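What's counted below: heavy atoms across the whole structure, side chains too, no hydrogens, waters or symmetry copies. On a predicted model such as this, the values are computed, not experimentally measured, just so you know. All residue numbers refer to positions in the sequence shown, counting from 1.
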Amino acid sequence: MAAKFWTNWLFTDSSTYLGFFIYALFVFSTFSIAGSEASIFFIYLISLWRFIRKKGLGFKHWLIWPVIIYMNLTVLSGYLNGYPGIDHLFSAQTNWRLLLPFVLAIAVLEVEQQKLVRFLFIPLLVVSAYGIIQYFTGADWLRTPERKLTTLYYTATDGTQFFHGKGNFTHHLTYGGYLLLIFPLFSLLSTAKTLSTRWRWFYGLGSVVMLAGAISSLGRSIWLGILMVFWIFLFRISKILGILTLIIGLVLSGWIFQQVLSGETKHWQVIDNALVQRLTSALDVTANKDRLLMWNAGIQGIQDHLLLGIGYGNDENVMDKYRIPLAEKNNHRFMNDASAGVHNIYLQTWLNYGVIGFISYLGIVFGLLLTCILSLRRVESSSWEGSIFWGVIAGISGFMVAGIFENNFRDGEVQTAFLMLMGLVLHQVYRLRN
């Protein structure tokens, strides 16, 4: 009798619990990786229970195949290479959440979409404002004094100090990468004609705060990603304007690159400001020597492990073989040890998981873009669905550009944001099909 009661109770209220943890995921993702992972665990658990009770587990979409291939290769590449240790087995700890979008695609039916997005918007607005405050003050109010992670970047000649904005995340690039993915969504939702004027204004102004938060991270890769986002915005307004802007941007980039190689950028007048100093440091080859040598080491590692890669967690065991000779030859001392990777998600993925792992990763990100582009043919650009598709196209495109200079896909918070966006996209696709 008791077993029947609990079974009926769980089954009857499973929708309520599932909805609660979906809301919790979107809230926690803005400030707590532990809260996000706990929410994902319960979303999986309840969805599995519903599957057992014949209510469906996930959305069958072709994007599942590059995801599954990627998940398996993260384990197999290290095992097949035969390197000592079992670190490659723990790669599952970083990839177990990759199935989330296919579960969310159906699970989001249990909540009100617009309400769900607001649950993400409000805490994210607070976190963005917090990062801006950190940039000017170095505040780290949410950690105890002995655990503060304040990072000073620049002190002006008048003594004014500027810090990396990082919200409640542990690293400024994690914070910037999260905002880079999400702020385009709210920028585009501000144009959705199906929303009330009030919420369109809220989303528009809020996205500006989020953009400022991303800029306050002082991540140059994030800034490049933001430029890509703005280009997508222009392209959405006018394809001709987008193409002209692209041509002008390529010509300007070529001229700047030529200036960098010739050393002329060293003579440019520099304003005594943290943002300007950070930007101009990108134009100095010597200031970026560390990253260039990491890329060099990564390419050498790929050449020696072309098919299978070196496996998950083996950077510290393998890469010094390439890094040490490069450091000696160039009279350089690396700022990070080998376990930090090569700061390029494409080189890093190929290095760790081989050519098939690299292709499967590209299959995930380009597959998501392709899904959005194809789906746009079935909706109005200014509709709720169209705004989500365009917002994800812009966010993922910026994320892919930023990935040339960082490994953000492996940060739990950034990956969660990526998967939430992917889940929202698949949910729209599911609704359009049904």
Side-chain angles (χ1 to χ4, degrees), residues 14-15 17-26 28-29 36-75 91-113 116-117 120 181-182 185 349 353 357 359-376 378-379 385 388-389 391-393 395-396 399 409-410 412-434:
S14 66
S15 296
Y17 297 132
L18 183 59
F20 171 81
F21 285 111
I22 291 173
Y23 284 126
L25 168 63
F26 276 61
F28 278 126
S29 71
S36 298
E37 294 198 336
S39 300
I40 294 172
F41 172 78
F42 283 109
I43 289 171
Y44 279 0
L45 190 64
I46 296 170
S47 296
L48 181 60
W49 168 256
R50 289 160 63 84
F51 173 71
I52 294 171
R53 304 293 297 192
K54 311 296 184 184
K55 294 198 73 173
L57 179 62
F59 181 33
K60 296 177 182 178
H61 190 273
W62 63 267
L63 269 173
I64 191 69
W65 293 111
V67 170
I68 288 176
I69 293 171
Y70 179 84
M71 291 176 68
N72 282 280
L73 280 174
T74 59
V75 176
S91 64
Q93 291 181 340
T94 66
N95 292 317
W96 68 280
R97 62 177 81 88
L98 290 179
L99 296 175
L100 176 65
F102 307 96
V103 177
L104 277 182
I106 293 179
V108 171
L109 290 170
E110 304 299 337
V111 300
E112 183 184 340
Q113 263 196 93
L116 177 63
V117 170
L120 174 63
L181 277 168
I182 301 294
L185 173 65
T349 302
Y353 309 135
I359 293 173
S360 62
Y361 173 75
L362 293 182
I364 296 171
V365 290
F366 279 109
L368 179 54
L369 286 178
L370 180 62
T371 299
C372 291
I373 293 169
L374 294 177
S375 299
L376 278 171
R378 305 180 60 187
V379 299
E385 295 84 359
I388 289 178
F389 291 141
V392 173
I393 288 173
I396 297 300
F399 173 74
F409 185 73
R410 301 189 181 190
E413 298 90 340
V414 177
Q415 191 179 96
T416 299
F418 180 97
L419 297 174
M420 291 189 325
L421 291 178
M422 189 172 172
L424 282 176
V425 166
L426 292 182
H427 177 67
Q428 312 313 314
V429 173
Y430 176 80
R431 288 176 63 243
L432 290 172
R433 288 187 182 180
N434 294 276

Closest contact, heavy atoms only, T416 versus S29: CG2-CB, 4.2 Å
Check: Y44 ring centre within less than 6.0 Å of W96 ring centre: yes
Non-hydrogen side-chain atoms of L99 and V67 separated by less than 4.5 Å: yes
Contact check, side chains of R433 and Q428, non-hydrogen atoms, under 4.5 Å: no
Side-chain heavy atoms of V103 within contact of I40, under 4.5 Å: no
Minimal non-hydrogen separation, A105 against L426, with atom names: CB-CB, 3.7 Å
Worked check of salt bridge (Lys or Arg N to Asp or Glu O under 4.0 Å) between R378 and E385: CA-CA 10 Å; R378 305 180 60 187; E385 295 84 359; over 6 Å; no
Parallel, tilted or perpendicular: rings of F409 and F418 (30°, 60°): perpendicular
Residue pair S15 / R50, side-chain donor-acceptor N/O under 3.5 Å: yes
Separation between CH2 of W62 and CG of L370, rounded to the nearest 0.5 Å: 5.0 Å
Straight-line distance of M71 CE to R97 CZ, nearest 0.5 Å: 10.5 Å
Check: F20 ring centre within less than 6.0 Å of F42 ring centre: no
Side-chain touch F389/T371, heavy atoms, less than 4.5 angstrom: no
Shortest non-hydrogen contact from V414 toward F399: CG1-CE1, 3.6 Å
Chi angles and distances behind the side chain to side chain contact (heavy atoms under 4.5 Å, CB included) call for L421, I182: CA-CA 8 Å; L421 291 178; I182 301 294; 4.1 Å; yes
Interatomic distance, N72 atom CG to S360 atom OG [nearest 0.5 angstrom]: 9.5 Å
Minimum side-chain heavy-atom gap Q113-I388 below 4.5 Å: yes
Shortest non-hydrogen contact from L25 toward L104: CD2-CD1, 4.4 Å
Gap separating the CG atom of L368 from the CD1 atom of I396, nearest 0.5 angstrom: 5.0 Å
Distance (rounded to the nearest 0.5 Å) between S39 OG and L100 CG: 10.0 Å
T349 to G357 - nearest heavy-atom pair and separation: CG2-O, 3.7 Å
Side chain to side chain contact (heavy atoms under 4.5 Å, CB included) assessment of M422 paired with H61: CA-CA 12 Å; M422 189 172 172; H61 190 273; over 6 Å; no
Q415 and R410: side chain donor to acceptor below 3.5 Å: no
Minimum heavy-atom distance G363-L63, with the two atoms named: O-CD2, 3.8 Å
Neighbour count >12 (heavy atoms, 6.0 Å) for atom OH, Y23: yes
Atom pair CG/CG of L45 and L18 - distance to nearest 0.5 Å: 10.5 Å
